Number of protein chains: 2
Amino acid sequence: MDWRNVDTSNCSVGRTLDLIGDRWTLLLVRELLNDVRRFSDLRVHLDISAPVLSRRLKALGLAGLVVAVPYKEDGSRPRMEYELTETGRELQVVVLALMQFGDQHLADPKGPAVVLVDAASQQRVRLALVRPDGSVMPPDSLRWRKGAAFRELPH
Amino acid sequence: MDWRNVDTSNCSVGRTLDLIGDRWTLLLVRELLNDVRRFSDLRVHLDISAPVLSRRLKALGLAGLVVAVPYKEDGSRPRMEYELTETGRELQVVVLALMQFGDQHLADPKGPAVVLVDAASQQRVRLALVRPDGSVMPPDSLRWRKGAAFRELPH
DNA sequence: CAGTATCCCATATGATACTG
DNA sequence: CAGTATCATATGGGATACTG
């Protein structure tokens with residue numbers, strides 16, 4: 001398959017980048033994955049301006065990745081907490097991929113700031129390519145093939 | 001671990017986003033991973049303007065992710081081909097993560113345009129979290145723990 | 001044709017000031 | 001305090017015109 005003839009207007013990489021390909025969204029997702037849910041916590045921890053945070057949350061809501069759920073503390077007005085939807089939580093793989101690349105190639109010489117572990121075994125885990133039977137595949141034997149919605153480039 | 005106290009200025013997610021977190025770079029990496037290597041091929045296939053393509057290639061070169069190697073066709077002046085370095089090729093995991101999310105949640109109802117297969121077995125493959133022994137872990141039992149370069153947030 | 005320099009514009013961001 | 005409206009600015013992108 002010559003990739004130059006693939007109609008990439010239909011490619012999931014580009015579609016996903018349209019959704020989350022700005023400087024803040026994935027950092028925001030990282031926070032939400034780690035249960036930072038309140039506007040002011042997000043604002044302070046990300047060091048993001050309030051208007052931008054507000055807009056990003058709305059955009060993610062519109063895309064169905066985040067929902068606002070009200071909570072109430074004694075004596076104060078109800079406020080909102082923001083949490084990832086099931087779909088939004090699946091962005092985890094993107095955040096982890098960024099983290100894995102950064103840890104390997106841009107990291108602090110001392111090592112990673114954060115490591116990923118399996119809650120059950122406490123072993124460190126990583127992203128890898130796996131076959132349907134669950135076996136791990138070497139990254140260089142990956143091939144891209146035409147899928148159901150494949151389109152040749154017109155002309 | 002309360003993530004609100006983590007000093008995220010040292011986080012690999014953010015560091016990687018600084019490097020490739022714009023709307024073009026990862027699409028460019030997708031092309032390079034698929035052996036589209038020439039300036040004009042990249043320009044046409046991505047539908048990107050020449051100045052931007054030029055700037056992105058330079059930036060990626062500076063970051064050590066891409067190198068320009070000269071080639072010569074009979075009768076014409078030598079030109080450049082752009083290819084990913086070993087480090088650059090490791091961005092594959094990021095591109096695949098975007099693709100996997102998009103295929104699952106933003107895709108054409110007909111299915112994915114492109115599928116990933118293992119060259120040896122021709123089986124479809126996917127990104128998953130695996131333990132050191134190569135066994136696959138369920139995504140919801142993932143935990144983030146302090147790593148060697150962990151820093152608490154001042155104050 | 002391969003690539004770059006220049007200029008212009010769209011968009012994203014932050015500061016500030018505001019509302020409930 | 002939780003958020004939003006408004007505005008100024010920075011950054012990234014494209015059009016055009018240029019060089020070798």
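We name chains A, B, ... by the order of the sequence lines, and we start the count at 1 in each one. None of these values were measured; they are calculated from a predicted model.
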Novice: Among residues 34-57 of chain B, which contact DNA chain D at a heavy-atom distance under 4.0 Å?
Specialist: B:Ile48, B:Ser49, B:Pro51, B:Val52, B:Arg55, B:Arg56
Novice: Are the side chains of B:Asp103 and A:Thr16 in touch, meaning some heavy atoms are under 4.5 Å apart?
Specialist: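 A side-chain contact under 4.5 Å is absent here.
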Novice: Just so I know, are the side chains of B:Arg55 and B:Trp24 near enough to count as touching, which here means a heavy-atom distance under 4.5 Å?
Specialist: no
Novice: Reckon A:Lys58 has a side-chain N or O less than 4.0 Å from the OP1 or OP2 of D:dT4?
Specialist: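 The answer is yes; a side-chain N or O of A:Lys58 sits under 4.0 Å from OP1 or OP2.
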Novice: Is there side-chain contact between B:Leu27 and B:Arg30, with heavy atoms separated by less than 4.5 Å?
Specialist: yes
Novice: Mark yes or no for whether B:Glu81, through its side chain, and B:Tyr71, through its backbone, hold a donor-acceptor pair below 3.5 Å.
Specialist: no
Novice: Rounding to an integer number of Å, can you tell me how far B:Arg79 CZ sits from D:dT19 P?
Specialist: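 Those two atoms, CZ and P, are 18 Å apart.
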Novice: What's the spacing between A:Asp118 CG and B:Ser135 OG if we round to 0.5 Å?
Specialist: 8.0 Å
Novice: Within this structure, what is the CD1-OG distance for the pair A:Ile48 and A:Ser54, rounded to the nearest 0.5 Å?
Specialist: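 Rounded to the nearest 0.5 Å, the CD1-OG separation comes to 10.0 Å.
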Novice: When you measure from the side chain of A:Arg15 to the backbone of B:Leu106, do you find a donor-acceptor pair of N or O atoms at a distance under 3.5 Å?
Specialist: yes
Novice: Using the salt bridge (charged side-chain N to carboxylate O under 4.0 Å, His left out) rule, pick out the option among A:Arg37, A:Arg38, A:Arg89 that qualifies with A:Glu83.
Specialist: A:Arg37
Novice: Could you check which residues of residues 12-28 of chain A get a heavy atom under 4.0 Å from DNA chain D? Sort them by number, please.
Specialist: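 Result for residues 12-28 of chain A: none.
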Novice: Fill in the dot-bracket string of DNA chain D, one character per base: . for unpaired, | for a pair to another strand, ( ) or [ ] for pairs within the strand, taking Watson-Crick or G-U pairs under 3.5 Å.
Specialist: ||||||||||||||||||||
Novice: Examine distances only and state if a side-chain atom of A:His45 and a backbone atom of B:Val6 form a donor-acceptor pair shorter than 3.5 Å.
Specialist: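 Yes, the answer is positive, given that a donor and an acceptor are paired below the 3.5 Å cut-off.
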Novice: For C:dG3, does OP1 or OP2 lie under 4.0 Å from any side-chain N or O of B:Tyr82?
Specialist: yes
Novice: Side chains of A:Arg145 and B:Gln122: does their closest heavy-atom pair fall under 4.5 Å?
Specialist: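 They are in contact (side-chain heavy atoms under 4.5 Å apart), so the answer is yes.
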